[in-house]
Amino acid sequence: MTPDRWERIKAVFHQATELPASERAAFVRAQCDSDADLIEQVVSLIQSHESQTISGIVDQVALDALEDLESNTAPTRIGPW
């Protein structure tokens with residue numbers, strides 16, 4: 001992917017996410033003309049963006065912390081004690 005292509009994908013994505021969800025598909029099709037690959041890339045980014053919720057991020061952070069706690073053993077010494 002060329003830098004120009006990536007810039008185009010980002011621009012359409014950002015503009016589309018500012019629109020109501022009901023208007024996005026038509027907007028993306030209009031902006032991408034008949035470039036099916038460009039449409040696919042933008043739609044993929046939009047879907048990924050929509051699937052990221054605050055609760056999903058919090059859940060992932062909590063799971064990561066729990067895994068860290070389970071994988072680490074308690075220290076046998078803390079400071080000089």
Side-chain angles (χ1 to χ4, degrees):
M1 178 180 310
T2 66
D4 289 339
R5 179 78 168 183
W6 176 238
E7 289 302 317
R8 181 73 182 135
I9 291 169
K10 288 191 316 183
V12 174
F13 164 76
H14 287 296
Q15 291 171 339
T17 56
E18 293 177 5
L19 298 172
S22 61
E23 297 176 17
R24 290 179 185 162
F27 173 80
V28 170
R29 281 192 305 273
Q31 293 296 309
C32 298
D33 298 318
S34 60
D35 188 338
D37 185 55
L38 183 59
I39 293 170
E40 182 181 335
Q41 294 293 323
V42 173
V43 168
S44 176
L45 283 176
I46 292 170
Q47 288 172 340
S48 178
H49 174 75
E50 289 175 345
S51 70
Q52 294 295 319
T53 62
I54 295 298
S55 64
I57 294 169
V58 170
D59 290 346
Q60 187 60 51
V61 169
L63 286 173
D64 290 346
L66 182 59
E67 286 176 6
D68 286 345
L69 288 173
E70 290 174 348
S71 66
N72 293 324
T73 58
T76 56
R77 181 177 174 165
I78 299 175
W81 297 279

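- Every residue meeting the salt bridge (Lys or Arg N to Asp or Glu O under 4.0 Å) condition with R5, not counting sequence neighbours, appears here in chain and number order: D35, D37.
- Considering only residues two or more places apart in sequence or on other chains, E18 meets the salt bridge (Lys or Arg N to Asp or Glu O under 4.0 Å) condition with none of them.
- Remark: P20 pairs with S22, E23 by the side chain to side chain contact (heavy atoms under 4.5 Å, CB included) rule, at least two apart or across chains.
- Not counting sequence neighbours, the partners of R24 by the salt bridge (Lys or Arg N to Asp or Glu O under 4.0 Å) test are E50.
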Taking distance alone, no hydrogens or angles, what donor-acceptor pairs closer than 3.5 Å link side-chain atoms of residues 39-46 to residues at least two apart or in another chain?
none

